[in-house]
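In what follows, chains are A, B, ... by sequence order, proteins preceding strands, each numbered from 1.
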Number of protein chains: 2
Amino acid sequence: MVTNMRAQTKLREKTDKPWNLDEIGQFLGQQGIRPSFHRLKIFEYLINERTHPTADEIYEVLKKEIPAISRATVYNTLRLFFDRKIVQVLNIEKNEARYDATLTWHGHFKCLLCGQVYDVEIESLELSGLDNYQVLEKHLDLKGLCPSCSHKK
Amino acid sequence: MVTNMRAQTKLREKTDKPWNLDEIGQFLGQQGIRPSFHRLKIFEYLINERTHPTADEIYEVLKKEIPAISRATVYNTLRLFFDRKIVQVLNIEKNEARYDATLTWHGHFKCLLCGQVYDVEIESLELSGLDNYQVLEKHLDLKGLCPSCSHKK
DNA sequence: GTTTAATATTGTAATGGTTACAAATATGAG
DNA sequence: CTCATATTTGTAACCATTACAATATTAAAC
């Protein structure tokens with residue numbers, strides 16, 4: 001028997017309307033997460049920038065606006081979001097966890113030169129040998145050279 | 001345009017004949033890797049056990065037979081094998097790198113309870129949006145509960 | 001068989017992302 | 001306002017991996 005998994009929805013586009021803080025607060029509340037200012041800003045960064053940042057990148061960016069924020073809060077909050085299943089953790093490289101608030105099924109491509117992570121649309125995927133396995137997470141990670149780094153070469 | 005990737009070959013079966021040290025030595029030689037005893041034993045473990053071990057698991061097992069072996073040698077050797085492209089590194093979890101000497105295209109399933117890593121056959125995979133991307137590595141990682149751990153629950 | 005240069009291995013210190021934890025702060029109910 | 005609870009902070013600890021310098025082994029040349 002073969003398990004057939006298809007992309008259900010379109011990935012978010014750069015042109016999609018960004019979420020505002022009110023919407024984010026409402027969303028976090030629905031998920032049983034009290035919408036503190038830090039949590040709002042961290043989720044806002046993830047959902048609107050969609051650059052698959054590391055915890056440290058989020059910390060560095062938010063520190064400009066919220067100088068008192070601490071690294072521990074960023075890590076705590078990201079773990080909370082993951083536990084509540086509103087973000088996924090990407091372990092493309094073993095020395096850096098990246099975070100993604102887009103939960104629709106898609107893959108990732110990391111450029112080995114510039115380090116950028118791109119979304120990849122998965123048209124279809126068929127697996128076999130998974131009868132009686134309970135699949136809770138799926139990750140498709142590609143590595144290589146992105147178009148602009150291919151040229152540099 | 002859609003990139004279509006299919007499994008080219010069957011995965012190794014448990015019943016396949018294990019490699020002996022002579023064959024491994026010959027193989028390493030062909031790859032330009034001098035077949036020292038430690039390298040032979042590390043590759044033997046990877047190719048014949050196929051349990052996707054961590055560096056430390058390999059170290060602990062080989063230490064019984066080669067008490068003088070050091071962790072650094074295991075790490076050095078695994079990195080050498082990866083650089084020479086005869087093993088792949090699995091970053092299913094960010095806190096542990098696992099090694100796999102099977103290079104035919106297949107996925108991995110890690111059980112969140114017992115921690116075991118199983119091979120998954122990929123019947124087909126279609127991706128889009130990768131024009132002009134140069135794909136050098138592909139990883140499909142699943143997590144969940146394996147059949148026996150599903151029952152325990 | 002020695003010498004010599006190159007390669008492999010070892011033990012340990014350092015690295016760096018992440019987590020643990022206890023203290024300090026903020027929040028919300030009564 | 002006060003208390004109990006939840007959040008945030010700063011720092012120390014953790015731990016897999018890497019760096020590195022010293023030692024040992026190998027292979028080739030003599």
Would you say the side-chain atoms of B:Ser70 pair up with the backbone N or O of B:Ala72, donor to acceptor, closer than 3.5 Å?
yes
Over 12 non-hydrogen atoms of neighbours within 6.0 angstrom of CD in A:Glu137
yes
Range on DNA chain C touched by chain A - first to last nucleotide, heavy-atom distance under 4.0 Å
C:dG17 to C:dG28
Is it true that B:Lys94 and A:Glu96 have a side-chain N and a carboxylate O under 4.0 angstrom from each other?
no
Give the C-alpha distance, both sets of side-chain angles, the deciding distance and a yes or no for side chain to side chain contact (heavy atoms under 4.5 Å, CB included) between B:Ile33 and B:Phe27.
CA-CA 9 Å; B:Ile33 298 170; B:Phe27 174 69; over 6 Å; no
Pairwise side-chain contact, A:Lys143 with A:Glu93, heavy-atom cut-off 4.5 Å (strictly under):
yes
is_close_aromatic(A:Tyr59, A:Tyr75), centroid dist under 6.0 Å
no
Donor-acceptor pairs are to be reported for all side-chain atoms of residues 41-52 of chain B against protein atoms at under 3.5 Å, with residues two or more places apart or in another chain.
{"unit_1": "B:Lys41", "atom_1": "NZ", "unit_2": "B:Glu44", "atom_2": "OE1", "d": "2.9"}
{"unit_1": "B:Lys41", "atom_1": "NZ", "unit_2": "B:Glu65", "atom_2": "OE1", "d": "3.4"}
{"unit_1": "B:Lys41", "atom_1": "NZ", "unit_2": "B:Glu65", "atom_2": "OE2", "d": "3.2"}
{"unit_1": "B:Asn48", "atom_1": "OD1", "unit_2": "B:Trp19", "atom_2": "N", "d": "2.8"}
{"unit_1": "B:Asn48", "atom_1": "ND2", "unit_2": "B:Trp19", "atom_2": "O", "d": "2.9"}
{"unit_1": "B:Arg50", "atom_1": "NE", "unit_2": "B:Ile47", "atom_2": "O", "d": "3.3"}
{"unit_1": "B:His52", "atom_1": "ND1", "unit_2": "B:Val117", "atom_2": "O", "d": "3.3"}
{"unit_1": "B:His52", "atom_1": "NE2", "unit_2": "B:Asp119", "atom_2": "OD1", "d": "2.8"}

Hey, do the aromatic rings of A:Phe82 and A:Tyr99 have their centres closer than 6.0 Å?
no
Taking DNA chain C as the partner, which of residues 21-36 of chain A come within under 4.0 angstrom of it by heavy atom?
A:Arg34
If you count every heavy atom of other residues, nucleotides or ligands that lies below 6.0 Å from B:Gln26 atom CD, does the total exceed 12?
no
Outermost DNA chain D nucleotides near chain A [under 4.0 Å, heavy atoms]:
D:dA6 to D:dT17
If the condition is side-chain contact (heavy atoms from CB on, under 4.5 Å), which residues does B:Glu60 pass it with, not counting sequence neighbours?
B:Asp56, B:Lys63, B:Arg71
Mind listing the residues from residues 49-78 of chain B sitting with a heavy atom below 4.0 Å of DNA chain C? Number order is fine.
B:Ala68, B:Ile69, B:Ser70, B:Ala72, B:Thr73, B:Asn76
Under a 3.5 Å cutoff, is there a donor and acceptor pairing between the side chains of B:Glu126 and A:Ser124?
yes
Assess, by modelled atom type and distance only, whether the side chains of B:Ser128 and A:Glu123 contain a donor and an acceptor separated by less than 3.5 Å.
yes
